[in-house]
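Down below is the structure, laid out as C-alpha cells.
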Amino acid sequence: MANKGPSYGMSRDVQSKIEKKYDDELEDRLVEWIVAQCGSSVGRPDRGRLGFQVWLKNGIVLSQLVNSLYPDPKPVKIPDSPPTMVFKQMEQIAQFLKAAEDYGVVKTDMFQTVDLFEAKDMAAVQRTLVALGSLAVTKNDGHYHGDPNWFMKKAQEHKREFSESQLKEGKNIIGLQMGTNKGASQAGMSYGRPRQIIS
C-alpha cells in the first residue's frame, strides 16, 4: 500500500467532518471495557485517535475481545505472534468483523476494514465497538465483564400471546381508526365571513 498524501478541497472537508465525529471520552470508556474484558495483557493505547488506531490495527486486540464474548469454541483464531504483513492484519480485522456480525451486530453499525487500518473513519470503529458492548450487556449471558452502565441495553422483544377467545372478542370492538362520529360536531365553528354575492 502506498502512503496517501494530504487531501485537498472537498476531500479535505469530508475527512475533517469524519474526524470531528471521533469521541475522546468514548475512547476512554472503550479502552476500559476492552482491558476489563480481555485482561491487562492487551496493554493500553496512547491517548488519542492515532494511538487507539495503532492499538487495534493488527486485529489481535479486537479478536481477543470478540472471543471473550463467546463460549468455547471461539470464533476467531488468534496467531501465536502478532501478524506483521499487511494482508494478514487486514484478514484478522475481517475475522473480527465476521464474528461480531455473527454475534448480532447489524451491518449498518459495522466499520469497513480500511476505516480502521488506514484510520479513515475511527468514529465508525467506535460505533461498532459500542454496538458490540450493547449486545453483550443485553444478552447478559455471563461473558460480559466491566460496568454494565458503560453501554445501553438494546430493546428486547416482548411477545404477547392471545387466546382464540380473546382474538374473537377483539373483533366486536370498533376501533377509532375504523371511523366514528362520536364527539364529532361542527357546532360553534366559524368559517369566516360569508361570500358576498352581488347581483
Side-chain angles (χ1 to χ4, degrees), residues 17-18 20-39 42 52 56 59-78 92-116 120-189:
K17 284 182 182 177
I18 289 171
K20 285 180 185 171
K21 290 181 181 178
Y22 186 81
D23 186 347
D24 291 321
E25 290 178 23
L26 180 58
E27 175 197 315
D28 294 339
R29 190 171 29 146
L30 289 171
V31 168
E32 290 303 320
W33 175 53
I34 292 170
V35 170
Q37 192 71 36
C38 301
V42 295
F52 192 60
L56 301 176
I60 297 296
V61 173
L62 293 173
S63 299
Q64 289 176 342
L65 174 65
V66 78
N67 278 352
S68 70
L69 297 173
Y70 276 92
D72 288 327
K74 303 298 183 188
V76 180
K77 185 178 183 312
I78 299 175
Q92 197 71 37
I93 295 168
Q95 287 181 33
F96 159 77
L97 291 171
K98 170 80 171 81
E101 189 176 345
D102 292 345
Y103 192 72
V105 178
V106 294
K107 278 199 178 290
T108 53
D109 286 336
M110 301 292 268
F111 66 88
Q112 300 295 314
T113 305
V114 293
D115 291 339
L116 170 59
K120 286 192 180 289
D121 190 356
M122 289 304 293
V125 175
Q126 287 184 323
R127 190 172 54 247
T128 301
L129 293 173
V130 167
L132 186 64
S134 294
L135 273 171
V137 168
T138 304
K139 286 187 178 185
N140 196 17
D141 57 5
H143 295 290
Y144 175 84
H145 302 296
D147 187 349
N149 296 323
W150 284 339
F151 302 103
M152 298 290 291
K153 274 191 170 184
K154 293 213 177 255
Q156 294 175 310
E157 181 181 41
H158 183 67
K159 202 165 191 163
R160 295 179 177 92
E161 299 289 331
F162 295 103
S163 68
E164 198 62 40
S165 63
Q166 287 174 314
L167 291 172
K168 284 182 182 175
E169 189 67 32
K171 292 179 181 177
N172 297 333
I173 299 171
I174 298 174
L176 290 176
Q177 294 92 343
M178 295 179 193
T180 181
N181 63 358
K182 198 177 214 179
S185 167
Q186 293 181 354
M189 293 185 76

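Taken to the nearest 0.5 Å, the CD atom of Glu27 stands 8.0 Å off from the CE atom of Met122. From Leu69, atom CG reaches atom NE2 of His145 across 8.5 Å, with rounding to the nearest 0.5 Å. One distance of note links CD of Glu25 with CZ of Arg29; it measures 9.0 Å at 0.5 Å rounding. Atom CH2 of Trp150 is separated from atom CG of Asp28 by 11.0 Å, given to the nearest 0.5 angstrom. With values rounded to the nearest 0.5 angstrom, Leu26 atom CG is found 8.5 Å from Leu129 atom CG.
The only member of Gln95, Lys74, Gln92 that meets side chain to side chain donor-acceptor pair (under 3.5 Å) when paired with Ser63 is Gln92.
With sequence neighbours excluded, no residue satisfies salt bridge (charged side-chain N to carboxylate O under 4.0 Å, His left out) with Glu169. For Ala124, the side-chain contact (heavy atoms from CB on, under 4.5 Å) partners two or more places apart in sequence, or in a different chain, are Phe111, Asp115, Asp121, Arg127.
Side-chain contact between Phe96 and Leu132 is present, with at least one heavy-atom pair separated by less than 4.5 Å. Counting heavy atoms from C-beta on, the side chains of Ile60 and Gln64 come closer than 4.5 Å. You'll find the side chain of Leu65 reaches within 4.5 Å of the side chain of Trp33, heavy atoms only. For the pair Val66 and Leu62, the minimum side-chain heavy-atom distance is 4.5 Å or more. No side-chain heavy atom of Gln37 sits under 4.5 Å from any side-chain heavy atom of Val42. Taking 4.5 Å as the limit, some side-chain heavy atom of Leu30 sits within range of a side-chain heavy atom of Phe151.
Summarising the geometry of Ala36 relative to Gly146, their closest heavy-atom pair is CB-CA, 4.2 Å, with the distance given to 0.1 Å. Considering every non-hydrogen atom in both Glu101 and Lys107, the closest pair reads OE2-NZ, 3.3 Å.
With hydrogens and angles disregarded, no donor-acceptor distance shorter than 3.5 Å links the side chain of Tyr144 to the backbone of Leu135.
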